[in-house]
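Notes for the one structure printed next.
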Amino acid sequence: MKLISRSTAFASTLVLALIAAANANSQDNEQAAVRDILQAVVVRDKPDFSTPKSPVNADKPTISGDVNLLSRLGVQNAETVPLSIADAIARALQNNNAVEITRDDVRFQATQIRAVRGAYDPVFTISPTYTRNSNTGSAATNDFNVNSSIFQSIQRGGGNYTAFFNNSRTENAFAQAQLSSGSLNSSGSSATSFSTLGFRYSQPLFRNFRIDSTRRNLKIAQKRLEQNDFDFRRTTIDTISQVQNAYWDLVFALRDQQNQQANLQLTRENLRQVQARIDAGAAAPIARAEVETELATREGSVLRSTQQVSIFENRLKQLILRDSNSPEWAQTYIPTDAPVIATSVISLDAAMQDALINRYELRRLKTANEINELDIKFFRNQTKPQIDFNTTVSLDGIARGGNNDEFVTSLYTSVGDLRFFTAINELLARTTNPNLPQIRNDPVIVPAGPAFLFGGFGRSVQNLFRSDAPNFSFGLTISFPFRNEIAKANLAGARILETQIATQTRAQEQQVVVEVRNGVQAVETARQLVATSRRARENAEIQLEGERRLFDAGRSTTFLLFQRENALTNARNSEIRAETDYQKALADLHRVTSVTLERNNIQLDSPIEQK
């Protein structure tokens with residue numbers, strides 16, 4: 001009986017010794033595996049967002065594969081696109097729809113300036129007219145007129161001129177008498193040609209001399225172009241800031257995904273160790289349930305981090321892709337830039353000065369005030385009476401058609417005259433006094449007219465340049481309303497708007513001051529948070545290493561070990577969050593001071609500079 005008891009005790013001692021040796025060897029392997037996992041998630045100078053390899057033995061199946069946890073619908077993780085922050089900004093400036101819309105606004109306003117300038121384009125007018133006049137009992141007459149002119153408004157001084165060249169050919173005797181001021185008498189059906197070459201000029205002397213409606217609209221259109229350019233640059237700065245924020249949010253999401261994935265690998269390693277102890281009889285089977293619970297929790301954390309990667313990546317793609325059909329929507333972005341933390345403190349005074357000089361909202365209000373000053377100048381000018389100087393200089397030529405030969409006619413030629421003449425002679429013949437002479441209808445010789453008055457249209461054009469052809473006139477046109485309430489009301493409204501713009505400028509300056517002060521403080525706070533979160537992460541690593549040693553020595557529990565692992569993951573996330581928050585705060589400060597373009601070495605081409 002005693003022999004059997006001793007044999008049993010020896011066998012038990014041998015089994016326990018073997019188990020202890022296996023556990024010691026297992027602990028060494030476990031510690032090495034844990035060190036590999038911890039080293040895989042050390043914060044690097046440059047981000048590496050590739051999927052970390054699992055240290056778990058290949059022959060041990062995992063609860064859920066990394067591929068399933070990291071997979072995203074509509075995105076191929078194998079198709080990666082390396083992307084730097086400079087590349088993202090450049091692509092946004094080229095493809096972003098909001099930037100393109102404001103760029104088109106500038107281009108559209110430039111066309112409006114050309115449209116207003118069109119008021120000063122010369123206008124050529126020609127009006128050929130044919131007229132046939134026919135009255136009962138008389139022959140029809142044919143008239144043909146060709147009037148042409150060039151009209152142009154002059155920007156300087158507000159005047160306008162008209163150069164005209166009018167020609168007419170008429171067979172109507174009344175029209176001939178009108179055009180020649182009665183100097184020509186028509187005979188037969190010969191036509192008369194009239195030509196006029198002249199210049200007419202009108203110049204405002206009081207109202208509309210220094211500024212008029214067209215010049216006002218032109219200057220306002222130019223100011224609107226400046227405002228649209230300011231809006232374009234402000235939208236560009238806002239877009240760059242959004243791209244920077246989305247980029248660093250994606251950096252954080254990917255690093256958080258890495259940290260959660262590494263934390264999951266630690267849980268899987270813990271599960272393998274616990275399973276080994278259960279198989280060796282050193283741990284109860286219930287220990288597996290605790291690890292399984294933590295494993296499921298951390299798998300959920302990986303899934304949520306993968307969701308955040310999708311959200312921030314899609315936000316970045318929306319900013320840098322032109323349309324929804326781009327193949328890059330199905331690709332994975334891999335950021336290549338790491339956060340860089342400055343050690344110096346930003347000067348509040350320098351930032352405030354940059355903002356007050358560069359902010360496009362303030363520059364836009366300044367331009368709005370300049371537009372209102374133009375309105376005040378214009379409406380004040382409209383309250384004055386209108387006095388215009390008008391002058392016309394013309395050359396007139398005239399010529400008749402038909403023959404210019406000498407001809408013989410009678411003194412009395414009309415039917416009425418001849419009847420009256422014949423009746424008188426018959427009465428004289430019946431009288432008793434034979435000495436009364438008969439009234440004679442003597443022939444009249446009509447000599448040929450001056451040669452320069454005959455020859456048709458060609459001769460009338462030549463006659464324009466005779467010394468007796470010039471004509472000129474000049475005069476004034478004076479008009480003024482008795483009350484002129486329209487101009488006075490418009491002037492009063494413009495002065496009220498001047499006060500309103502001044503109030504808006506003060507309010508905007510206050511807003512700028514608040515944004516700059518908050519932005520500088522946010523950068524400084526984020527810079528200090530980087531240092532504190534880095535210390536927290538370093539201490540969390542030390543705590544986890546100590547807790548791991550206690551756990552391996554049997555002096556700690558799985559619950560406490562999981563707490564330390566989660567604390568380290570949170571500390572690492574806090575550190576990368578502080579680093580990316582610093583970059584985002586710096587980008588926002590550049591935005592509120594409007595130095596984003598200079599800080600990123602971006603030179604924008606403006607339509608205002610393209611003459």
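When reading the values below, keep in mind they use all heavy atoms of this one structure, side chains included, and skip hydrogens, waters and symmetry mates.
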- prompt: So with a 6.0 Å cut-off around CZ of Arg517, is the heavy-atom count from everything else above 12?
  reply: no
- prompt: Do other residues, nucleotides or ligands put more than 12 heavy atoms under 6.0 Å from the CD atom of Gln353?
  reply: no
Ignoring hydrogens and angles, tell me if any N or O in the side chain of [X] forms a donor-acceptor pair with the backbone of [Y] under 3.5 Å.
X	Y	answer
Asp87	Leu83	no
Glu226	Thr367	no
Thr297	Thr293	yes
Tyr247	Asp337	yes
Trp329	Asp323	yes
Asn96	Leu319	yes
Gln152	Tyr120	yes
Asn358	Asp354	yes
Asn263	Asn259	no
Arg322	Gln94	yes

task: Establish, yes or no, whether the cationic atom of Arg577 lies under 6.0 Å from the six-membered ring centre of Phe252 and within 45° of the ring axis.
output: yes
With rounding to the nearest 0.5 angstrom, report the [atom1] to [atom2] distance, [X] to [Y].
X	Y	atom1	atom2	result
Arg298	Ser305	CZ	OG	13.0 Å
Phe108	Ile101	CZ	CD1	14.5 Å
Thr267	Leu561	OG1	CG	9.0 Å
Asn490	Arg495	CG	CZ	12.0 Å
Asp212	Arg216	CG	CZ	10.5 Å
Arg234	Arg363	CZ	CZ	12.5 Å

Checking [X] now: which residues fulfil side chain to side chain donor-acceptor pair (under 3.5 Å) with it, not counting sequence neighbours?
X	answer
Asp588	Arg591
Lys584	Asp249
Gln583	none

Contact between [X] and [Y] at the side-chain level, heavy atoms closer than 4.5 Å - yes or no?
X	Y	result
Arg548	Glu565	yes
Val512	Leu362	yes
Pro335	Leu254	yes
Asn95	Ile320	no
Thr332	Glu79	no
Asp256	Gln308	no
Leu586	Ile346	yes
Glu294	Asn566	yes

message: With a 4.0 Å cut-off on N to O distance, would you call Lys219 and Glu370 a salt bridge?
response: no
message: Between Arg272 and Glu269, does any side-chain N to carboxylate O distance fall below 4.0 Å?
response: yes
- prompt: For Thr557 and Glu290, what are the C-alpha separation, side-chain angles and deciding distance, and is it a side-chain contact (heavy atoms from CB on, under 4.5 Å)?
  reply: CA-CA 11 Å; Thr557 63; Glu290 183 179 5; 5.8 Å; no
field: Worked check of side-chain contact (heavy atoms from CB on, under 4.5 Å) between Val81 and Ile334
entry: CA-CA 6 Å; Val81 177; Ile334 303 298; over 6 Å; no
Passing candidate, salt bridge (Lys or Arg N to Asp or Glu O under 4.0 Å) with Arg572, options Glu538, Glu541, Glu579: Glu541
- prompt: For Phe230, what residues pass the ring-ring contact (aromatic ring centres under 6.0 Å, His included) criterion, not counting sequence neighbours?
  reply: Tyr360
Measure across [X] and [Y] and return the closest heavy-atom pair with its distance rounded to 0.1 Å.
X	Y	answer
Val116	Ala221	CG2-CB, 4.5 Å
Asp231	Arg364	OD1-NE, 2.9 Å
Leu321	Glu328	CD2-OE1, 3.6 Å
Leu250	Leu316	CD2-CD2, 4.0 Å
Ala494	Asn372	O-ND2, 2.9 Å
Val520	Ala351	CG2-CB, 3.9 Å

Can you confirm whether the side chains of [X] and [Y] place a donor and an acceptor under 3.5 Å from each other?
X	Y	result
Gln275	Asp279	yes
Thr505	Glu509	no
Glu524	Gln528	yes

- prompt: What residues form a side chain to side chain contact (heavy atoms under 4.5 Å, CB included) with Val123, not counting sequence neighbours?
  reply: Thr125
query: Which is it for Arg224 and Gln112 under the side-chain contact (heavy atoms from CB on, under 4.5 Å) test, yes or no, and what are the steps along the way?
result: CA-CA 10 Å; Arg224 299 291 186 200; Gln112 299 305 298; over 6 Å; no
message: Would Gln331 and Thr80 count as a side-chain contact (heavy atoms from CB on, under 4.5 Å) here? Give the steps.
response: CA-CA 6 Å; Gln331 297 175 347; Thr80 60; over 6 Å; no
task: Report the residues that fulfil salt bridge (charged side-chain N to carboxylate O under 4.0 Å, His left out) with Glu598, sequence neighbours left out, ordered by chain and then residue number.
output: none
